[in-house]
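In what follows, a structure is listed as structure tokens, so that the remarks can point back to it.
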Amino acid sequence: MSSQGSAGVVTVERAGHVLLIGLNRPEHGNAMTSGMLTELAQAYTQLEDDEQAWVGLLFGHGDNLTVGLELEEIRPHLDDFEGLYPAGTVDPFGVRGRVRTKPLVAAAHGWVITAGIEMLLNADVRVASEGARFAQMEVQRGILPFGGATIRMPREFGWGNAMRWILTGDVFDADEAYRLGLIQKITPNGKHLQGARIIAERIAQQAPLAVRAAMAAARTAMLDGEQAGRGALLPALHSLLPTDDAAEGVRSFVERRTAKFTGR
């Protein structure tokens, strides 16, 4: 199944419990228009609302993940950026509106510029091909990153590493992205989607309620501090214990077989 609008294209397809979300303007390097951002928000919302979609997988069709925003087309929307996202939808950059609670794996290749890096930073696990190239170059265009890079880069890279790339807009390669923690795995060229899909499907084999609870607990500790994280653990555990999946987890352990989780 795909979702298509007049200003951009985003493909959406569910394979088992994995929802594949593809940027599909390859003739323009997957540069993102206002319509594409709206479609992305709708795709992320589908991930959140579809009970059978347990994990998302973001990727780019063609030769690049994305060369960033189509700035000339996007500029008139910046005064009312939230207007790009219909009410109740999930922001693909995770800086406003509804919060995504399901895991998202991202596959990067070719050019990954500005908003592309920010979408990676808002994913949970990131894979890139060895030939991928990255740049957070907003300062070269007279603006600043506004999709989360200034929030997440210092936290994930460390202050000096983040400022090195944010304040220069220089290009860096997959090895540097791996050193920084922007990506967790480097694949041979052309194998990035396969590598990311292996991880996404592995996550989808686990108990989905437990996966989301573990993500939420980690996010609480990261955003609100260790004390808040400690306080969230037992309530989260107690919410999982009565579930069918928790019972199945115990049964499968005792019976020495692979668990069959249902999300209940």
Find out whether [X] and [Y] are in side-chain contact, i.e. whether some heavy atom of one side chain is under 4.5 Å from a heavy atom of the other.
| X | Y | value |
| --- | --- | --- |
| Thr11 | Leu20 | no |
| Asp170 | Glu176 | no |
| Phe172 | Leu180 | yes |
| Pro145 | Glu118 | yes |
| Tyr85 | Arg96 | yes |
| Phe157 | Leu121 | yes |
| Leu223 | Arg155 | yes |
| Val127 | Ile198 | no |

* Side-chain donor/acceptor of Glu48 to backbone N/O of Thr101, under 3.5 Å -> yes

* Inter- and intrachain pairs under salt bridge (charged side-chain N to carboxylate O under 4.0 Å, His left out), touching residues 59-69, at least two apart ->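 Found none.
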
With a 4.0 Å cut-off, would you call [X] and [Y] a salt bridge?
| X | Y | answer |
| --- | --- | --- |
| Glu156 | Arg152 | no |
| Arg257 | Glu248 | yes |
| Asp50 | Lys102 | no |

* What's the verdict on salt bridge (charged side-chain N to carboxylate O under 4.0 Å, His left out) for Glu201 and Arg197, showing C-alpha distance, side-chain angles and the deciding distance? -> CA-CA 6 Å; Glu201 290 176 348; Arg197 190 161 181 173; 3.0 Å; yes

* Asked: Quick one: OG1 on Thr33 to CD1 on Ile74, what's the gap to the nearest 0.5 Å?
  ->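 Taking OG1 in Thr33 and CD1 in Ile74, the distance rounds to 6.5 Å.
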
* How far apart are the C-alpha atoms of Gln42 and Thr89, what are their side-chain angles, what is the distance that settles it, and do they pass the side chain to side chain donor-acceptor pair (under 3.5 Å) test? -> CA-CA 6 Å; Gln42 292 168 336; Thr89 57; over 6 Å; no

* Asked: Hey, what's the ring geometry for His17 with Trp54, parallel, tilted or perpendicular (30° and 60° as the breaks)?
  ->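 Ring orientation of His17 relative to Trp54: parallel.
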
* Asked: Any chance CD of Gln52 has more than 12 other-residue heavy atoms, nucleotides or ligands included, within less than 6.0 Å?
  -> yes

